[in-house]
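Scroll down for the structure; my scribbles are underneath it.
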Amino acid sequence: MTNQELAEIFNLLADALEFKAENPFKIQAYRKASRIIKDFSFDLKEFCKEKPLTAIPGIGEGIAKKIKEYIETGKISKFDEETKDIPKGIFEMMKIPYLGPKTLKRAYEKLGVDSLDQLKKVMDDGSLALLQGMGAKKIERMKETIQLFETSEIGKKRFVIGDVYPVIEEIISRLNEVTRNVTPCGSYRRMKETVGDIDLLAISDKGEEVTGFFIKLPFVRNVISVGSTKATVILKTHGIQVDLRVVKADSFGACLQYFTGSKAHNIKLRTIAKVKGLKISEYGVFRGKKKVAGSTEKEVYKSIGLDYIPPEMREDNGEIKLAMEHRLPRIVEYKDFLGDLHIHSKYSDGAESIVELAKTAKAMGFKYIAICDHSKSVTYAGGLTEDMLLKKNEEIDTINEEIKGISVLKGAEVDILSNGELDYKDSILETLDIVIAAIHQGFRKNVTERFLQAMENPFVNILAHPTGRLISKRKGYDVNLEKVFEKAKDEGIILEINSYFDRLDLDDTNVRRAKSFNLLFSIGTDAHNVGMLKYWRLGVGIARRAWLTKENVINCYPLPKLKKLLRGEK
DNA sequence: GCCGTTTTCGGCCCGACTGTTTTCAGTCG
């Protein structure tokens, strides 16, 4: 938890310094450190016992010292000092788009505005308009943004990627009717767990037609702006903002690269380019006035001496150095994914029959699927009795004979009971191709010990959703992951990357941690209906963000190799 | 505050848009 607290502190510290108009590079350094700490795979408290904090790129002497101070004393004196004379309301207002430090500072110093209510008041009574630089249009725009902020989710929070995934894919497919190469950029393309807004990019010579079509789509609630190269709308679903940019083909790669980010990644690229006498913008890579790259991303990277870096790696976590040395790991590709290893059928709480699931999966190009329904004690989700499970096994045998081109694996998501025992006896587990052990009850009761005990069972292959969090409503188990990872290593247990939209468990950060234990991973959608099978991409996205190779992900193994692994053979 | 295939000091990405301006400031991505 320390990491998140520290990340928040450094971010607020950056806000405070920004408000005070201090050195922008110092502010940038704090923001960068905040982001690095937020995404850091190891607890800093533990990490700093082993290695110096300055070993982390982006953390220097100054910030390392402050982290140490926080770990030792629970506070950072620099933070207290810098924030003590800034009213809390200022920090709140800084979260609202368009209310920047300069604007707020002027209102605060001249009119004593220290809260949103105060700000509204001085906008309405005309006193704000008397200040320098506060014209009517500016104030009108401020009012609009504040209203938008208050009535929608804009700027308030980030959205879980699984929530926005379906509607975005639909918008993309609609746009492809009138133009080509519609591609999402930004954190969505980098497959970040949460996205702030959605950036789409399209190639067209007739920008106005495309943006005009875009703003009339039925998903749109408000149109913020529309021009010949760019349009911004707010969607009905979630009130999320979508920006569409339309470019010509010869700038597409540069633009895609630019809008995919991350910001830190791009800044580093541009610095490298500068040293080589080049300039990167969203229109291309330039030497003087001459354009040397721009139509593809690969070209952009190549022009500054780098190998192509997959979007999910672009977080400035060392990928640029590796690309420069031509030593990037070959991370798992979406096309490497051969099948979903965690699906529920009608037998327990899923919506479809196994036949329907198999047919859909086959149509999606999967080579195999594992049907893993709940075990008997999960009564609220229709857990299967032993008899039912055996009957299901028989049905799967029949299906495998009847449907060619896809294999269905007999599986179960077997519960780990509160005493640490499994919900089925070994004689039942033995009949299955794949056994996923999971905790669905007793989240606070000795979870670590129960996991460890379950992993000792020779028939258990995979540990399901190891942290147990539900993004929208539950923090997760009280579990010591280090111990779990160690045991998994000893027992040859595979860890699940559960790509159910509300779970994403393990997440990218934890996968990176687990990866350092040399573990294998299994991607499962935990789908309860065929529509949810599409979320397999989120699982691969997590794997890619954690730099897993296809050797690390068992869903990429051809069936014979997978079966061998599941049987515990080498 | 961070960082080094020109540097331990002196840089630190780049452009668009908007509005308030008469050459620029602020914000955003």
Side-chain angles (χ1 to χ4, degrees), chain A residues 10 13-14 17-19 21-36 53-67 76 78-79 82 93-107 129 131-142 144-145 154-155 185-188 195-201 224-232 241-245 247 251 254-255 257-286 300 304-305 316 320-321 324-325:
Chain A
F10 286 125
L13 181 52
L17 297 183
E18 202 168 27
F19 184 69
E22 295 220 12
N23 180 352
F25 300 108
K26 196 187 274 193
I27 294 162
Q28 194 187 44
Y30 280 124
R31 292 229 190 272
K32 193 176 170 188
S34 168
R35 186 194 63 81
I36 290 165
L53 291 162
T54 49
I56 305 166
I59 308 290
E61 293 295 334
I63 291 180
K65 223 171 124 190
K66 293 180 180 68
I67 295 173
I76 294 176
K78 164 95 174 167
F79 174 78
E82 297 290 354
M93 287 189 283
M94 283 180 85
K95 293 197 177 89
I96 302 173
Y98 199 63
L99 302 189
K102 301 280 159 52
T103 308
L104 291 174
K105 192 174 184 195
R106 190 163 293 165
L131 300 186
Q132 206 192 5
M134 301 282 181
K137 279 188 178 172
K138 185 178 164 101
I139 289 172
E140 197 47 44
R141 202 171 157 201
M142 283 168 70
E144 274 172 28
T145 349
I154 298 303
C185 314
S187 42
Y188 185 84
V195 296
D197 61 3
I198 303 288
D199 296 300
L200 301 177
L201 188 62
I224 303 293
S225 72
V226 56
S228 60
T229 62
K230 195 186 150 186
T232 299
Q241 179 175 322
V242 183
D243 292 341
L244 171 68
R245 284 159 230 265
V247 294
S251 291
C255 209
Q257 197 291 317
Y258 175 70
F259 286 111
T260 297
S262 66
K263 196 172 179 177
H265 176 93
N266 284 357
I267 287 175
K268 199 163 260 185
L269 288 195
R270 286 168 184 221
T271 311
I272 291 168
K274 208 172 178 182
V275 171
K276 294 179 188 280
L278 296 163
K279 192 184 69 174
I280 305 181
S281 79
E282 57 259 56
Y283 299 107
V285 184
F286 297 87
V300 171
I304 56 166
D316 190 21
I320 292 172
K321 187 162 183 283
M324 210 183 284
E325 297 163 352

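None of these values were measured; they are calculated from a predicted model. Here is the naming used below: chain letters follow the sequence lines, and residue numbers restart at 1 for every chain.
Residue-level contact check: A/I59 touches the backbone only, with heavy atoms under 4.0 Å from sugar-phosphate atoms and none from bases. As judged by a 4.0 angstrom heavy-atom cut-off over every strand, A/D243 is placed among residues making no nucleic acid contact. Nucleic acid contact class of A/A136 (heavy atoms, under 4.0 Å, all strands): sugar-phosphate only. When heavy atoms are screened at a 4.0 angstrom cut-off, A/K66 is found touching the sugar-phosphate backbone but no base atom. Backbone-only contact: A/K137 has heavy atoms under 4.0 Å from sugar-phosphate atoms and none from a base. Using a 4.0 Å heavy-atom distance criterion, A/L269 is classed as making no nucleic acid contact. Using a 4.0 Å heavy-atom distance criterion, A/F25 is classed as a base contact. When heavy atoms are screened at a 4.0 angstrom cut-off, A/P24 is found touching no nucleic acid atom at all. Looking at heavy-atom distances under 4.0 Å, A/G186 makes no contact with the nucleic acid at all. Within the nucleic acid shown, A/R31 has no heavy atom closer than 4.0 Å to any nucleic acid atom. No engagement by A/K268 is indicated, since no non-hydrogen atom pair under 4.0 Å with the nucleic acid exists.
Rounded to whole Å, the separation between the P atoms of B/dT5 and B/dG1 comes to 23 Å. Comparing the same atom, C1', in B/dT7 and in B/dC12 gives a spacing of 13 Å after rounding to whole Å. B/dC2 and B/dC13 have their C1' atoms separated by 16 Å, with the value rounded to a whole Å. Nucleotides B/dC17 and B/dT21 are separated by 15 Å at their C1' atoms, to the nearest Å. For B/dT20 and B/dG26, the C1' atoms lie 10 Å apart once the distance is rounded to whole Å. Taking atom P on both nucleotides, B/dG10 is separated from B/dG15 by 26 Å, rounded to a whole Å.
Each of B/dC28, B/dT27, B/dG15 was ranked by its minimum atom distance to the side chain of A/K279; first place goes to B/dG15. Residue A/R106 places its side chain closer to B/dG26 than to any other of B/dG26, B/dT21, B/dG1. When distances run from any side-chain atom of A/Y283 to the nucleotides B/dT21, B/dG15, B/dG29, the shortest one goes to B/dG15. The side chain of A/I267 sits closest to B/dC13 out of B/dC28, B/dC13, B/dG19. Of the candidates B/dT21, B/dT27, B/dT18, the closest approach to any side-chain atom of A/T103 belongs to B/dT27. Ranking B/dC2, B/dT20, B/dC28 by closeness to the A/I63 side chain, first place goes to B/dC2. Side-chain atoms of A/V275 lie closest to B/dT6 of the nucleotides B/dC14, B/dC13, B/dT6. Nearest to the side-chain atoms of A/E282 among the listed nucleotides B/dC13, B/dG15, B/dG1 stands B/dG15.
Remark: A/Y30 is in phosphate contact with B/dG1, judged by side-chain N or O atoms under 4.0 Å from OP1 or OP2. Taking only side-chain nitrogens and oxygens, A/R245 never comes nearer than 4.0 Å to OP1 or OP2 of B/dA16.
The 5' end of DNA chain B is approached more closely, in terms of each residue's nearest nucleotide, by A/K32 than by the other of A/K32 and A/L104. Of the two residues contacting DNA chain B, namely A/L99 and A/K230, the nearest-nucleotide position lying further toward the 5' end is that of A/K230.
Rounding to whole angstrom units, CD of residue A/E144 and P of B/dT27 are separated by 17 Å. Distance A/I280 CD1 to B/dG29 P: 21 Å, rounded to the nearest Å. What separates CG of A/D316 from P of B/dC13 is a distance of 12 Å, to the nearest Å. Distance A/Q28 CD to B/dC2 P: 12 Å, rounded to the nearest Å. Taking atom NZ of residue A/K274 and atom P of nucleotide B/dG4, one finds them 17 Å apart after rounding to whole Å. In this structure, A/R141 atom CZ and B/dA25 atom C1' are separated by 13 Å, rounded to whole Å. Atoms CD (A/E325) and P (B/dT5) sit 11 Å apart, rounded to a whole Å. The nearest whole Å value for the distance from the CG atom in A/N266 to the C1' atom in B/dC14 is 10 Å.
In this structure, CD1 on A/I304 lies 5.0 Å from CD1 on A/I272, to the nearest 0.5 angstrom.
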| request: Verify salt bridge (Lys or Arg N to Asp or Glu O under 4.0 Å) between A/R245 and A/D199, making sure each step is shown before the conclusion. | output: CA-CA 8 Å; A/R245 284 159 230 265; A/D199 296 300; 3.6 Å; yes
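Applying the 3.5 Å distance criterion, the base of B/dG29 shares no donor-acceptor pair with the side chain of A/D199. If you check distances only, the side chain of A/Y258 does reach the base of B/dG29 with a donor-acceptor pair under 3.5 Å.
Nucleotide B/dG10: paired with B/dC3 (Watson-Crick or G-U wobble, both distances less than 3.5 Å).
The neighbour count for A/E22 CD, taken as heavy atoms of other residues, nucleotides or ligands under 6.0 Å away, is above 12. The number of heavy atoms from other shown groups lying within 6.0 Å of CD (A/Q132) does not exceed 12.
Listed for the A/S34 side chain is no donor-acceptor partner under 3.5 Å among the backbone atoms of A/Y30.
Within the 4.5 Å cutoff, the side chain of A/N266 has heavy atoms near those of the A/Q257 side chain.
Checking each of A/K321, A/K32, A/K263 against A/D316 for a salt bridge (charged side-chain N to carboxylate O under 4.0 Å, His left out) leaves exactly one that passes, namely A/K32.
Geometrically, A/K138 engages A/Y98 in a cation-pi contact defined by less than 6.0 Å to the ring centre and at most 45° from the axis.
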